[in-house]
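Here's the structure we're looking at; comments come further down.
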Amino acid sequence: MGTTTVDRVTARPPAAHSRGARFLLLFSVFLCAACGLVYELALTALGSYLIGNSVMQTSVVISVMVFAMGIGSLAAKPMQRRAVGAFALVEGLLALTGGLSVLVLYVSFAWLRIYMPSMVVVSFLVGLLIGAEIPLLMTLLQRIRRQEAGSAVADMFAVDYIGALVGGLCFPLLLLPAFGQLKGALVVGAVNAVAGVLVVLWIFRRETRRVVRTALLAGVAAVLAVLGTVYALADDIEVTARQQLYRDPIIHAETTPYQDIVVTRSTAFTGEPDTRLFLNGDLQFSSVDEYRYHEALTHPALSGKRSSVLILGGGDALALREVLRYDDVEEVTLVDLDPAMTRLARTFEPLRELNGRALADPRVTAVNADAFNWLRDAGRRYDTVVIDFPDPDNAALAKLYSVEFYHLLRHVLHPDSQVVVQGGSPFFAPKSYWSIAATIGEAGYRTTEYQVDVPSFGNWGFVLAVPGTKGPPPSVRLAEDAPPLRFLDDAVLDAATVFPVDRRPRDVQASTLMDPVILEYTNQEWQNY
């Protein structure tokens with residue numbers, strides 16, 4: 001006797017009604033959520049590297065994406081009747097858009113100079129497609145196992161949030177170190193395509209017409225082919241695009257979890273080799289005149305006791321080179337966040353030649369750590385502290401120019417220790433410079449401000465400080481046994497403490513962790529330069 005239709009359904013249920021199918025679909029939700037968060041993090045990180053002002057970049061990306069997600073959810077409502085095909089299409093487009101997002105924005109910045117409009121458009125498109133996932137996934141989840149809507153929502157969002165956690169951790173810990181930003185986004189796009197299209201088509205293969213399956217499979221194959229081709233060309237594209245941003249030929253470039261490091265070299269304008277270091281696009285030094293900056297930064301602070309010296313920042317080891325010129329310096333601790341920077345200073349010959357192989361000196365201990373947190377646990381005191389951080393153009397750097405940071409610094413100082421801080425340009429960024437001085441004073445130091453001219457930077461300022469509010473301010477001078485210098489002498493330093501009328505103190509606020517006004521001043525004043 002033949003088997004009835006009911007018997008056939010009972011004996012061989014469709015794949016979409018099995019526990020295994022439900023697990024696969026939730027796993028797809030997990031992977032798609034992880035990919036979505038990686039796209040968001042990649043966009044915010046790229047903006048911080050290229051533009052600075054990480055708070056603004058993060059705010060724009062997140063707000064645009066969340067807004068677009070709402071629109072995407074509404075746009076997906078009519079597609080719920082064909083949820084399988086619609087979801088596969090959405091994921092294919094998301095894989096392509098998200099995977100190529102970093103490349104598109106980098107090209108927009110390097111060649112087209114329309115980064116912000118491009119970032120808004122890309123963020124909107126990615127958010128739109130992520131938003132369309134939610135109602136379609138809900139429909140598919142309820143189709144697999146007929147359960148109450150509340151239960152389906154709980155299952156889906158639980159897996160979604162776990163996926164977001166994994167994606168958020170994988171971005172800095174795995175993707176950036178292993179692939180970099182451009183290739184990392186492409187890899188995530190490929191995972192997104194497989195998870196969002198192939199898995200769903202497999203689960204619902206018996207409920208999807210063959211022509212639809214064939215079309216969607218051809219589409220995902222095309223997406224993977226595009227992503228794979230771009231991946232193969234990614235290094236050449238990145239090198240070509242990056243070179244558009246710099247006047248001189250690039251001799252080294254790498255992107256770390258902390259910053260974008262570029263070294264250029266040329267003889268075109270000076271007649272002698274000009275090696276330049278850029279961090280996140282900002283010039284850190286030119287070998288033609290860096291001695292002016294580093295002599296002015298270090299030697300006035302080394303005019304007192306100096307048997308033990310702490311350098312915060314300065315991973316290029318150029319300030320360290322100057323410190324080590326004093327024979328009575330017994331030990332130096334250099335604390336720099338990025339191990340790639342200190343490794344470059346130790347092994348990259350153009351930089352190693354410039355810093356005099358300073359990191360190989362047995363008196364030196366190099367530590368890769370966040371200076372703020374390192375100070376909290378530091379268990380010893382130093383005679384001299386040299387602070388050589390980049391300008392505070394993002395939140396991570398702004399905390400290193402805060403009242404709280406300089407309070408922590410007191411824990412590693414003797415009563416007669418001297419501290420010097422690079423303070424930016426009193427001419428181009430006077431509010432920023434005088435805010436740094438005010439912040440140091442607010443933290444309980446006596447200060448003396450001084451400035452010199454460095455051709456590559458223009459007018460540049462420093463703050464010399466000693467702990468305590470009673471007594472005279474520190475004297476900006478050279479030690480009697482200072483080594484021969486190319487730029488500084490006592491006459492130059494006497495003049496350095498005199499500020500012209502248009503560079504004198506401004507009515508500005510001190511910067512704190514909770515109110516980082518230095519970030520606002522810096523981004524406001526440097527945006528036109």
Side-chain angles (χ1 to χ4, degrees), residues 27-66 68-69 91 94-106 109 115 118-119 122-127 129-131 133 157 159-196 227 230-231 234-235 237-238 242 253-261 279-281 337-341 368 370 394-397:
F27 184 65
S28 178
V29 172
F30 167 83
L31 290 177
C32 290
C35 294
L37 193 65
V38 168
Y39 298 145
E40 180 178 325
L41 293 173
L43 295 179
T44 57
L46 183 66
S48 299
Y49 284 176
L50 298 181
I51 305 295
N53 196 354
S54 57
V55 173
M56 175 62 73
Q57 300 300 315
T58 302
S59 298
V60 171
V61 169
I62 291 177
S63 58
V64 170
M65 286 186 68
V66 171
M69 285 168 65
E91 289 306 303
L94 179 57
L96 189 64
T97 305
L100 296 176
S101 59
V102 172
L103 172 65
V104 169
L105 291 181
Y106 199 28
F109 181 80
Y115 179 81
S118 299
M119 186 184 72
V122 170
S123 299
F124 183 85
L125 291 175
V126 172
L129 295 166
I130 291 175
E133 291 176 327
F157 279 106
V159 175
D160 185 85
Y161 294 149
I162 295 172
L165 170 66
V166 172
L169 294 176
C170 282
F171 179 70
L173 299 178
L174 176 62
L175 288 170
L176 277 182
F179 299 102
Q181 283 195 293
L182 201 160
K183 286 186 174 180
L186 295 167
V187 169
V188 172
V191 172
N192 200 165
V194 173
L227 296 176
V230 175
Y231 186 95
D235 289 336
I237 294 172
E238 186 173 3
R242 182 185 278 121
E254 64 179 300
T255 299
T256 78
Y258 307 104
Q259 58 197 347
D260 191 48
I261 302 173
L279 299 181
N280 294 342
L337 176 63
D338 195 345
M341 189 65 249
N368 294 119
D370 175 81
N394 61 57
L397 288 170

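- A side chain to side chain contact (heavy atoms under 4.5 Å, CB included) with I261 is found for one member of D338, N280, T255 and no other, namely D338.
- For V102 against L46, the heavy-atom pair with the smallest separation is O-CD2, 3.9 Å.
- Between E40 and the choices V61, V66, V126, the side chain to side chain contact (heavy atoms under 4.5 Å, CB included) rule is met once, by V61.
- Considering all non-hydrogen atoms of both residues, Q181 and A42 come closest at NE2-O, 3.5 Å.
- Distance CG/L125 to CE/M65: 10.5 Å, rounded to 0.5 Å.
- No side-chain heavy atom of L174 sits under 4.5 Å from any side-chain heavy atom of L169.
- If you take CG on N192 and CG on L186, they are separated by 12.5 Å, rounding to the nearest 0.5 Å.
- In terms of heavy atoms, S101 sits closest to G98 at OG-O, 2.7 Å.
- The minimum heavy-atom distance between V38 and G167, with the atom names listed, is CG2-O, 3.5 Å.
- Distance CD/E91 to SG/C32: 4.0 Å, rounded to 0.5 Å.
- Classification of the F27-F30 ring pair by plane angle, with boundaries at 30° and 60°, yields parallel.
- Side-chain atoms of S123 and V60, non-hydrogen and from C-beta on, never get closer than 4.5 Å to each other.
- Atoms CE and CG, on M341 and N368 in that order, are 11.0 Å from each other to the nearest 0.5 Å.
- In this structure, L176 CG and C170 SG are separated by 11.0 Å, a value rounded to the nearest 0.5 Å.
- Residues D260 and R242 are in side-chain contact: their nearest non-hydrogen atoms beyond the backbone lie under 4.5 Å apart.
- Across G189 and A95, no two heavy atoms sit closer than the pair O-CB, 3.1 Å.
- Between Q57 and Y115, the closest side-chain pair of non-hydrogen atoms falls below 4.5 Å.
- The backbone N or O of L94 lies less than 3.5 Å from no partner atom in the side chain of T97, so there is not a single donor-acceptor pair.
- Here the shortest heavy-atom pairing between A33 and A164 reads CB-N, 4.0 Å.
- Using a 4.5 Å heavy-atom threshold, the side chains of S118 and Y106 count as separate.
- For the atom pair CG (L397) and CD (Q259), the distance works out to 9.0 Å, reported to the nearest 0.5 Å.
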